[in-house]
Amino acid sequence: MKKVIVVTSSPRKDGNSETLAKNFAEGAKAAGHEVKYVAVRDLGLQFCTGCMYCQTHDKCVLNDGMNALYSEIEHADVIVFATPVYYYAVSGQLKTFLDRLNPLYPRTNAFKEVYLLATAAEDEEAAMDGSASDIEGWAACFDGVTLKGVLRAIGVGAKGEIKDTAFPQQAYEMGQKI
């Protein structure tokens, strides 16, 4: 059994990328894994100030929903990021979340596997290259952490449009196979 953290950065409740996140989580649960689901929009997230306090303390100086997550993320085996693709990159919400994971840098983290679930209105999978690069760059900051899989859900712009595609099932199956 693996400990899995699924992070959705969709600003829209039940948006397309959140649908993928929920399906991945269900697949992982069905395979017997322990899953924690986090919606960035519920954290009251503030921007990192670059003060570096977190490098010598157990928490961030900012008081929002992040301090409660650091230990859980540190001890997770798998981290899954779900994002809508805006201007060929991860959403601003996810980028802010990634920046706020800076307190993990000096820790001995259990996670070694990272997955990306990305949605875009674009019809070309290359539209997700920037998002995959964003996550690969973040993962490269941690020893032995790799981007194990990317689901590129293209051609889905309107909220709920993804439900009429094969992408939710693909996310579920990806979750089962971790």
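FYI, the numbering just counts along the sequence from 1.
- Few gaps surround NZ on K112; more than 12 heavy atoms of other groups in view lie less than 6.0 Å from it.
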task: Show the numbers, then the answer: is there a side chain to side chain contact (heavy atoms under 4.5 Å, CB included) between L20 and F167?
output: CA-CA 7 Å; L20 293 183; F167 297 124; 3.9 Å; yes

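- Using a distance-only test at 3.5 Å, with no hydrogens or angles considered, no donor-acceptor pair links the side chain of N109 to the main chain of F142.
- The cluster map of Ile, Leu, Val, Met, Phe, Trp and Tyr, joined by side-chain heavy atoms under 4.5 Å apart, puts Y172 and V150 in different clusters.
- In this structure a side-chain-to-backbone donor-acceptor pair under 3.5 Å is missing from N67 to V61.
- In this structure, R41 and P11 have side chains that are not in contact, with every pair of non-hydrogen atoms separated by 4.5 Å or more.
- Counting heavy atoms from C-beta on, the side chains of K36 and L69 come closer than 4.5 Å.
- T146 OG1 to I135 CD1: the interatomic distance, rounded to the nearest 0.5 Å, is 13.0 Å.
- Between L147 and A132, the shortest heavy-atom contact is CD2-O, 3.9 Å.
- Without hydrogens or angle criteria, D64 side chain to Q46 main chain gives a donor-acceptor distance under 3.5 Å.
- Counting only heavy atoms from C-beta outward, the side chains of V6 and F81 never approach each other to under 4.5 Å.
- By the 30° and 60° cut-offs, the orientation of the rings of Y53 relative to H57 is parallel.
- Put simply, CG on N16 and OG on S10 are 7.5 Å apart, with the number rounded to the nearest 0.5 Å.
- Closest heavy-atom contact between T165 and V156: CG2-CG1, 4.0 Å.
- Residue L151 is grouped with residue V4 when hydrophobic side chains (ILVMFWY) are merged at heavy-atom distances under 4.5 angstrom, including chains of intermediate members.
- Atom CD of E124 has 12 or fewer neighbouring heavy atoms from other residues, nucleotides or ligands inside a 6.0 Å radius.
- Heavy atoms only, all atoms of each residue included: A121 and G157 are closest at CB-CA, 3.9 Å.
- More than 12 heavy atoms of other residues, nucleotides or ligands shown are found within 6.0 angstrom of CG on D42.
- Linking ILVMFWY side-chain heavy atoms closer than 4.5 Å, directly or via other members, places I5 and W138 in a single hydrophobic cluster.
- Remark: L94 CG to S9 OG distance equals 4.5 Å, nearest 0.5 Å.
- Using cut-offs of 30° and 60° for the angle between ring planes, the F24 and Y115 rings count as tilted.
- When the shell of 6.0 Å around NZ of K95 is examined, it contains 12 or fewer heavy atoms from other residues, nucleotides or ligands.
- For the 3.5 Å distance criterion, the side chains of T83 and S91 qualify, holding a donor opposite an acceptor.
- Residues T19 and T119 fail the side-chain proximity criterion, which asks for heavy atoms closer than 4.5 Å.
- The pair R152-D129 counts as a salt bridge, with a side-chain nitrogen and a carboxylate oxygen less than 4.0 angstrom apart.
- Between the D134 side chain and the V90 main chain, a donor and an acceptor come within less than 3.5 Å of each other.
- Between M66 and L45 the shortest side-chain heavy-atom distance falls below 4.5 Å.
- V85 approaches M128 most closely through the heavy-atom pair CG2-CG, 4.0 Å.
- To the nearest 0.5 angstrom, K148 atom NZ is 11.0 Å from I178 atom CD1.
- Taking NZ of K3 as the start and CD1 of I79 as the end, the distance is 13.0 Å to the nearest 0.5 Å.
- Contact between C54 and N102 at its shortest, heavy atoms only, is SG-ND2, 3.5 Å.
- Cluster membership for V145 and L98, using ILVMFWY side-chain heavy atoms within less than 4.5 angstrom, is shared.
- The CG atom of L43 lies 6.5 Å from the CZ atom of F97; values are rounded to the nearest 0.5 Å.
- Counting all heavy atoms, side chain and backbone alike, G175 lies closest to H33 at O-CD2, 4.4 Å.
- Remark: Y88 OH is loosely packed, at most 12 non-hydrogen atoms of other residues, nucleotides or ligands lying under 6.0 Å away.
- At least one side-chain heavy atom of Y86 sits under 4.5 Å from a side-chain heavy atom of Q93.
- Side-chain contact between L117 and M174: present, with at least one pair of heavy atoms (C-beta onward) separated by less than 4.5 Å.
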message: Please evaluate residues I73 and F111 with respect to the criterion side chain to side chain contact (heavy atoms under 4.5 Å, CB included), reporting the C-alpha separation (whole Å), side-chain torsions for both, the decisive distance (0.1 Å), and the verdict.
response: CA-CA 8 Å; I73 295 172; F111 60 86; 4.2 Å; yes

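- Counting non-hydrogen atoms of neighbouring residues, nucleotides and ligands closer than 6.0 angstrom, the NZ atom of K159 exceeds 12 such neighbours.
- Hydrophobic cluster membership differs between V78 and L104, with clusters built from Ile, Leu, Val, Met, Phe, Trp and Tyr side chains linked at under 4.5 angstrom.
- Using a 4.0 Å cut-off between charged side-chain N and carboxylate O, E18 and K22 make a salt bridge.
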